[in-house]
Enquirer: 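Just dropping this structure here.
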Amino acid sequence: MFNFFRRKPDTAAAPAVPVETASVPDELPRADALREKGGWRERLAGAGFSRALAGVFERNPKLDEDLLDELETVLLGADVGIRATTVLVDGLRRGIRARAFVDANALLDALRRELLAILEPVARPLVIGESRRPFVLMVVGVNGVGKTTTIGKLAQHLKREGARDMLAAGDTYRAAAVQQLEVWGARNGVPVVSQGEGADSASVIFDAFQAARAADVDVLVADTAGRLHTKSGLMDELSKIGRVLRKLDEEAPHEVLLVLDATTGQNALQQLQQFHQALFVTGLAITKLDGTARGGMIFAIAKEYRLPIRYVGVGESLEDLRVFDPVAYVD
């Protein structure tokens with residue numbers, strides 16, 4: 001979870017540039033109320049990947065090659081990836097030959113342990129301390145993955161943990177992206193720095209950083225473009241934002257969070273490769289895991305890239321961005 005120091009708001013500080021602060025329409029939900037709406041298991045039990053995996057053991061109670069063949073098919077179809085699938089199935093095959101499993105349930109337990117072994121090393125929550133303030137969290141990803149929506153949900157997480165946060169509307173190329181972020185700011189009672197559609201993204205985020213520093217903000221969450229219509233490429237624009245930020249803080253951005261859509265399967269892996277080559281991606285947020293049969297891509301990502309998985313999206317409501325819990329996910 002977040003590592004925030006608690007302190008009273010500094011009412012004397014003022015932002016360096018105008019900041020639009022919207023009112024909160026409703027009180028933010030309490031933590032106990034959020035738990036009542038359903039945990040990981042309830043949200044993910046009906047996902048396509050979960051149903052497909054459970055069906056393998058229902059149809060094949062015997063420990064034989066038919067069980068392993070169907071298990072391999074389901075894992076590959078869920079985009080677990082060739083490398084991870086081969087390791088998993090070969091390990092189970094050796095266990096069957098060594099008579100290590102008394103029944104299918106024992107084999108399922110072994111599969112659970114192996115899946116956890118893949119995910120546990122990458123389950124590293126984002127920790128934000130007092131030493132870097134404002135902490136700049138730059139959110140990147142292609143259009144359509146739920147990037148701006150993830151930022152809106154993240155803003156609520158930060159506020160609930162006691163942080164003073166601010167949003168920067170740096171996705172100035174997509175129609176209505178700025179307005180969308182301002183709506184999320186209003187829902188969360190979080191200030192949003194924007195310059196309107198078509199403005200220079202690096203300039204927006206530069207001004208937002210100055211505003212966050214002047215207002216003694218803990219975390220600045222910066223939205224960025226997912227696609228550009230100019231001659232320069234997307235990665236060039238994102239690199240420019242990094243250079244501009246480092247004029248104010250040589251360590252900024254402190255986190256580059258890449259948002260990936262689980263429903264896109266192997267395409268998400270290609271996006272990760274491209275962004276990671278162009279930028280130093282430091283963490284991942286994987287969305288739409290609650291209804292996809294291709295949610296196994298999270299294992300492929302963990303096996304191939306070993307980047308920290310910070311959050312997963314398990315629904316549409318504000319509280320459905322969860323800190324990644326590998327035990328709950330595998331179960």
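None of these values were measured; they are calculated from a predicted model.
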Enquirer: I'd like to know if Glu251 pairs up with Arg246 as an ion pair, taking the criterion as any Lys NZ or Arg NE/NH1/NH2 lying under 4.0 Å from an Asp or Glu carboxylate oxygen.
Expert: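 Arg246 and Glu251: not salt-bridged.
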Enquirer: Do the side chains of Asp171 and Lys147 get close enough for a salt bridge, i.e. N-O under 4.0 angstrom?
Expert: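 Answer for the salt bridge query: yes.
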Enquirer: Check whether Thr282 reaches the backbone of Val256 with its side chain - one donor and one acceptor, N or O, closer than 3.5 Å.
Expert: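 Indeed, once roles are kept as given, a pair shorter than 3.5 Å links the two residues.
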Enquirer: Are Val122 and Val314 connected in the hydrophobic side-chain network, where two residues link if heavy atoms are under 4.5 Å apart?
Expert: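 Val122 and Val314: one cluster.
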Enquirer: Mind checking the CD-CE spacing from Gln266 to Met297? Nearest 0.5 Å is all I need.
Expert: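 The CE atom of Met297 is 8.5 Å from CD of Gln266, to the nearest 0.5 Å.
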Enquirer: May I have the step-by-step check of side-chain contact (heavy atoms from CB on, under 4.5 Å) for Ile298 and Val312, ending in yes or no?
Expert: CA-CA 10 Å; Ile298 199 169; Val312 296; 4.2 Å; yes
Enquirer: Between the side chain of Asp64 and the main-chain N/O of Leu67, is any donor-acceptor distance below 3.5 Å?
Expert: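 Such a contact is found between Asp64 side chain and Leu67 backbone.
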Enquirer: Do you know the tightest heavy-atom contact between Val190 and Ala155?
Expert: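 So the minimum-distance heavy-atom pair works out to CG2-CB, 4.3 Å.
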Enquirer: Please tabulate, one pair per line, all N/O donor-acceptor pairs under 3.5 Å involving side-chain atoms of residues 238-245, not counting sequence neighbours.
Expert:
| residue | atom | partner | partner atom | Å |
| --- | --- | --- | --- | --- |
| Ser239 | OG | Met235 | O | 2.9 |
| Lys240 | NZ | Asp200 | OD1 | 2.9 |

Enquirer: Counting only N and O atoms by type, is there a donor-acceptor contact under 3.5 Å from the side chain of Asp223 to the main-chain atoms of Leu181?
Expert: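 Checked: no pair found.
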Enquirer: Below 4.5 Å, heavy atoms only, C-beta onward: do Val142 and Arg227 meet side chain to side chain?
Expert: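 Val142 vs Arg227: side chains apart.
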Enquirer: Measure across Leu258 and Leu272 and return the closest heavy-atom pair with its distance rounded to 0.1 Å.
Expert: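 So the minimum-distance heavy-atom pair works out to CD2-CD1, 3.5 Å.
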Enquirer: Would you compute the distance between atom CG of Leu167 and atom CG of Leu137 and round it to the nearest 0.5 angstrom?
Expert: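 The CG atom of Leu167 sits 10.5 Å away from the CG atom of Leu137.
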Enquirer: To the nearest 0.5 Å, what is the distance between CD1 (Ile309) and CG (Asp325)?
Expert: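 Going from the CD1 atom of Ile309 to the CG atom of Asp325 covers 12.0 Å.
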Enquirer: Mind listing the closest non-hydrogen atom pair of Ala176 and Glu197 along with its distance?
Expert: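 Looks like N-OE1, 3.9 Å.
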Enquirer: Applying salt bridge (Lys or Arg N to Asp or Glu O under 4.0 Å), name anything that partners Glu255, two or more places apart in sequence or on another chain.
Expert: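 In terms of salt bridge (Lys or Arg N to Asp or Glu O under 4.0 Å), with neighbours along the sequence ignored, Glu255 is linked to Arg310.
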Enquirer: Kindly say whether Asp165 contributes a backbone atom to a donor-acceptor pair with the side chain of Asp218 at under 3.5 angstrom?
Expert: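 No, because the side chain of Asp218 does not come within donor-acceptor range (under 3.5 Å) of the backbone of Asp165.
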Enquirer: Run the side-chain contact (heavy atoms from CB on, under 4.5 Å) check on Asp109 and Leu111 step by step: do they pass?
Expert: CA-CA 5 Å; Asp109 287 340; Leu111 176 60; over 6 Å; no
Enquirer: If you draw a 6.0 Å radius around CZ in Arg306, do more than 12 non-hydrogen atoms from other residues or ligands fall strictly inside?
Expert: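 Count not over threshold, so no.
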Enquirer: Mind checking whether Leu269 and Leu284 sit in one hydrophobic cluster, side chains of I, L, V, M, F, W, Y counted as touching below 4.5 Å?
Expert: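 Cluster IDs for Leu269 and Leu284 match.
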Enquirer: Taking the side chain as everything from C-beta on, heavy atoms only, tell me whether Val327 gets closer than 4.5 Å to Glu120.
Expert: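 Yes. Closest side-chain heavy atoms under 4.5 Å.
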Enquirer: If you count heavy atoms of other groups shown closer than 6.0 angstrom to CZ of Arg99, is the number above 12?
Expert: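 Open: at most 12 neighbouring heavy atoms sit under 6.0 Å from CZ of Arg99.
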Enquirer: Would the distance check show the side chain of Ser194 and the main-chain N or O of Val178 forming a donor-acceptor pair, the cut-off being under 3.5 Å?
Expert: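 The answer is no, because no donor-acceptor pair under 3.5 Å joins these two groups.
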Enquirer: Identify the residue among Ile286, Leu257, Thr150 that makes a side chain to side chain contact (heavy atoms under 4.5 Å, CB included) with Tyr311.
Expert: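 So the option named by the test is Leu257.
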Enquirer: Looking at every heavy atom in both Val192 and Ala169, which two are closest together, and how far apart are they?
Expert: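 For Val192 versus Ala169, the nearest heavy atoms are CG1-CB, 4.4 Å.
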Enquirer: Please tell me whether Arg187 and Gln156 have a donor and an acceptor in their side chains that are separated by less than 3.5 angstrom.
Expert: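 No pair is found: no donor N or O on one side chain lies under 3.5 Å from an acceptor on the other.
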Enquirer: So, the side chain of Lys159 versus the backbone of Asn188: is there a donor-acceptor pair under 3.5 Å, distance only?
Expert: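 Checking the backbone N and O of Asn188 against the side chain of Lys159, a donor-acceptor pair under 3.5 Å is found.
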Enquirer: Hydrophobic clustering (ILVMFWY, side-chain heavy atoms < 4.5 Å, transitive) - are Val87 and Leu116 grouped together?
Expert: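 Different clusters: Leu116 never reaches Val87 through Ile, Leu, Val, Met, Phe, Trp or Tyr contacts under 4.5 Å.
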Enquirer: If you define the side chain from C-beta out and look only at heavy atoms, does anything of Met166 sit under 4.5 Å from Val221?
Expert: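 They are not in contact (no side-chain heavy atoms under 4.5 Å apart), so the answer is no.
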Enquirer: Hydrophobic side-chain clustering at under 4.5 Å (ILVMFWY, transitive links): who's grouped with Ile82? Put none if nobody.
Expert: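 ILVMFWY cluster around Ile82 also holds Leu76.
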Enquirer: Roughly how far, to the nearest 0.5 Å, is the CD atom of Gln180 from the OG1 atom of Thr148?
Expert: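 Rounded to the nearest 0.5 Å, the OG1-CD separation comes to 4.5 Å.
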Enquirer: Hydrophobic clusters here meaning ILVMFWY residues chained together by side-chain heavy-atom distances under 4.5 Å, can you tell me if Tyr305 and Leu119 are in one?
Expert: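 Same hydrophobic cluster.
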Enquirer: Within the 4.5 Å heavy-atom criterion, are Leu307 and Ile301 side-chain neighbours or not?
Expert: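 With C-beta onward as the side chain, the pair stays apart.
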Enquirer: Counting N and O atoms only, with roles assigned by atom type, does the side chain of His254 sit under 3.5 Å from a partner on the main chain of Phe135, one being a donor and the other an acceptor?
Expert: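 Absent.
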Enquirer: Looking at side-chain heavy atoms only, is the closest gap between Val139 and Val259 below 4.5 Å?
Expert: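 Yes - at least one pair of side-chain heavy atoms lies under 4.5 Å apart.
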Enquirer: Is the shortest heavy-atom distance from the side chain of Val89 to the side chain of Thr85 under 4.5 Å?
Expert: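 Heavy-atom side-chain distance check passes, below 4.5 Å.
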Enquirer: Find the distance between CG (Leu220) and CD (Gln210) and round it off to the nearest 0.5 Å.
Expert: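 Interatomic distance, Leu220 CG to Gln210 CD, rounded to 0.5 Å: 11.5 Å.
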Enquirer: Using 0.5 Å steps for rounding, measure from the CZ atom of Arg112 to the CG atom of Asn105.
Expert: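 Answer rounded to 0.5 Å: 13.0 Å.
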Enquirer: Report the C-alpha separation of Asp249 and Arg213 in whole Å, then their side-chain angles, then the decisive distance to 0.1 Å, and conclude whether the salt bridge (charged side-chain N to carboxylate O under 4.0 Å, His left out) test is met.
Expert: CA-CA 11 Å; Asp249 182 343; Arg213 176 177 282 174; 5.1 Å; no
Enquirer: Begin from the C-alpha positions of Arg93 and Glu65 and carry the test side-chain contact (heavy atoms from CB on, under 4.5 Å) through to its verdict.
Expert: CA-CA 8 Å; Arg93 180 176 286 109; Glu65 282 297 322; 3.0 Å; yes
Enquirer: How close do Phe324 and Ala123 get, counting heavy atoms only, and between which atoms?
Expert: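 Answer, listing the atom of Phe324 first, then Ala123: CD2-CB, 3.8 Å.
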Enquirer: Between Arg59 and Asp66, does any NZ, NE, NH1 or NH2 come within less than 4.0 Å of an OD or OE carboxylate oxygen?
Expert: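 The answer is no: the pair does not qualify as a salt bridge.
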Enquirer: For the backbone of Ala225 and the side chain of Ser201, can you confirm whether one donor and one acceptor N or O come within less than 3.5 Å of each other?
Expert: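 Not at all, since once roles are kept as given, no pair shorter than 3.5 Å links the two residues.
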Enquirer: Spell out, as yes or no, whether a donor-acceptor pair under 3.5 Å connects the side chain of Thr172 to the backbone of Ala199.
Expert: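 A pair under 3.5 Å: yes.
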Enquirer: So, Arg164 side chain and Ala215 main chain: donor-acceptor pair closer than 3.5 Å or not?
Expert: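 Here the side-chain-to-backbone pair exists.
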Enquirer: Determine, stepwise, if the pair Tyr329 / Phe299 fulfils side-chain contact (heavy atoms from CB on, under 4.5 Å).
Expert: CA-CA 11 Å; Tyr329 182 77; Phe299 296 101; 3.9 Å; yes
Enquirer: Do you know the tightest heavy-atom contact between Ala268 and Leu260?
Expert: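 Scanning both residues, the minimum pair turns out to be O-CD2, 3.6 Å.
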Enquirer: Less than 4.5 Å apart, any side-chain heavy atom of Thr264 and any of Lys288?
Expert: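 Result no, sub-4.5 Å side-chain heavy-atom pair not found.
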